[in-house]
Chemist: 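Here it is, the structure, as structure tokens.
Note that this is a predicted model, so its numbers are computed, not measured.
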Amino acid sequence: MNVSMDKSFYFTLGGFANEPEVYIRTTLIDLEFGYEAIQWDGAIPSPIPNAFKKHTLTWDKLNSSNKAEQLDIIVNLLIKTINTRKRQYRKCEFCSEKVAPE
């Protein structure tokens with residue numbers, strides 16, 4: 001497989017809350033599945049953008065599968081990542097909208 005390394009592909013969860021994004025990122029070692037969110041850090045908390053990697057798929061495992069299996073594996077990991085991110089959202093007690101925990 002000839003893939004450019006260190007590329008990110010973002011997928012917007014349209015119609016869900018504030019339409020967060022999940023990503024698939026290529027690296028030299030694997031595919032990473034995750035999402036980006038704000039993390040509040042420090043003695044005086046300040047917002048810091050951060051990537052949260054949830055799943056990985058090594059190139060060796062991917063290349064040892066046929067095309068149909070590759071697609072199935074990638075789609076399943078992407079769906080797991082989407083469901084993980086969605087489960088983090090909670091209903092606001094004031095406006096009843098779904099909001100991210102951060």
Side-chain angles (χ1 to χ4, degrees):
M1 178 179 275
N2 188 4
V3 175
S4 296
M5 294 301 130
D6 298 324
K7 298 286 183 185
S8 296
F9 304 92
Y10 290 88
F11 303 89
T12 301
L13 306 183
F16 179 78
N18 63 341
E19 298 190 338
E21 292 182 328
V22 295
Y23 68 79
I24 299 175
R25 184 168 294 142
T26 62
T27 71
L28 289 174
I29 300 168
D30 57 16
L31 287 175
E32 295 178 359
F33 297 79
Y35 59 90
E36 293 178 354
I38 300 295
Q39 184 173 358
W40 293 84
D41 280 338
I44 301 175
S46 59
I48 300 169
N50 204 349
F52 295 90
K53 179 173 57 172
K54 289 298 171 186
H55 303 284
T56 59
L57 174 62
T58 65
W59 291 114
D60 289 340
K61 177 157 176 62
L62 189 63
N63 289 330
S64 68
S65 305
N66 66 41
K67 295 292 182 194
E69 291 169 335
Q70 289 176 353
L71 182 60
D72 190 47
I73 293 167
I74 291 170
V75 168
N76 283 330
L77 288 174
L78 186 57
I79 289 171
K80 284 181 181 181
T81 304
I82 289 168
N83 288 336
T84 296
R85 184 62 175 146
K86 282 182 164 184
R87 278 192 303 274
Q88 294 173 339
Y89 277 69
R90 298 290 180 251
K91 187 185 275 191
C92 174
E93 64 182 285
F94 303 107
C95 69
S96 298
E97 298 286 324
K98 288 196 176 251
V99 293
E102 59 272 0

Chemist: Drop me the distance from Gln88's CD to Tyr35's OH, to the nearest 0.5 angstrom.
Modeler: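 Here the interatomic distance stands at 3.5 Å.
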Chemist: Could you walk me through whether Arg87 and Asn83 pass the side-chain contact (heavy atoms from CB on, under 4.5 Å) test, one step at a time?
Modeler: CA-CA 6 Å; Arg87 278 192 303 274; Asn83 288 336; 3.6 Å; yes
Chemist: What's the spacing between Cys92 SG and Glu97 CD if we round to 0.5 Å?
Modeler: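 Reported to 0.5 Å precision, the distance equals 8.5 Å.
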Chemist: As a quick check of understanding, evaluate side-chain contact (heavy atoms from CB on, under 4.5 Å) for Thr26 and Leu31, giving each step before the final call.
Modeler: CA-CA 5 Å; Thr26 62; Leu31 287 175; 3.6 Å; yes
Chemist: How does the hydrophobic cluster around Leu71 look, that is, which other residues are in it when side-chain heavy atoms under 4.5 Å mark a link?
Modeler: Val75, Ile79
Chemist: Ignoring hydrogens, what is the shortest heavy-atom contact between Glu21 and Thr12? Give both atom names and the distance.
Modeler: OE2-OG1, 3.4 Å
Chemist: Can you measure from CG (Leu28) to CG (Asp6) and round to the nearest 0.5 angstrom?
Modeler: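 Rounded to the nearest 0.5 Å, the CG-CG separation comes to 6.0 Å.
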Chemist: Side-chain contact test, heavy atoms from C-beta onward, threshold under 4.5 Å: evaluate it for Phe52 versus Gln39 and give yes or no.
Modeler: yes
Chemist: Within this structure, what is the CD1-CG distance for the pair Ile73 and Leu77, rounded to the nearest 0.5 Å?
Modeler: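 The distance works out to 7.5 Å.
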Chemist: Could you go through the side-chain contact (heavy atoms from CB on, under 4.5 Å) check for Ile74 and Leu62 one step at a time?
Modeler: CA-CA 9 Å; Ile74 291 170; Leu62 189 63; 4.0 Å; yes
Chemist: Backbone N or O of Ala68 within a donor-acceptor pair of the Asp72 side chain at under 3.5 Å?
Modeler: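 It does not hold such a pair.
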Chemist: Quick one: pull up CD1 in Ile24 and CG in Leu78 and give me the separation to the nearest 0.5 Å.
Modeler: 4.5 Å
Chemist: Are Ile38 and Tyr10 connected in a single hydrophobic cluster, I mean Ile/Leu/Val/Met/Phe/Trp/Tyr linked by side-chain heavy atoms less than 4.5 Å apart?
Modeler: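 No.
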Chemist: I'd like to check Glu19 versus Leu13 (side-chain heavy atoms, cut-off strictly below 4.5 Å). Are they in contact?
Modeler: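 When only atoms from C-beta onward are counted, Leu13 and Glu19 do not touch, as no gap falls below 4.5 Å.
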Chemist: With rounding to the nearest 0.5 Å, note down the distance linking NZ in Lys98 to NZ in Lys86.
Modeler: 9.0 Å
Chemist: Can you give me the closest heavy-atom contact between Arg85 and Pro20, atom names plus distance?
Modeler: NE-CB, 4.4 Å
Chemist: So which pairs with a foot in residues 35-60 pass salt bridge (charged side-chain N to carboxylate O under 4.0 Å, His left out), sequence neighbours left out?
Modeler: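 Residue pairs passing salt bridge (charged side-chain N to carboxylate O under 4.0 Å, His left out), neighbours aside: Arg25-Glu36, Glu32-Lys53.
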Chemist: Would Thr81 and Tyr23 satisfy side-chain contact (heavy atoms from CB on, under 4.5 Å), going step by step from the backbone distance to the final call?
Modeler: CA-CA 9 Å; Thr81 304; Tyr23 68 79; over 6 Å; no
Chemist: Is the Phe16 ring parallel, tilted or perpendicular to the Tyr89 ring (thresholds 30°, 60°)?
Modeler: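 Aromatic pair Phe16/Tyr89 classed perpendicular.
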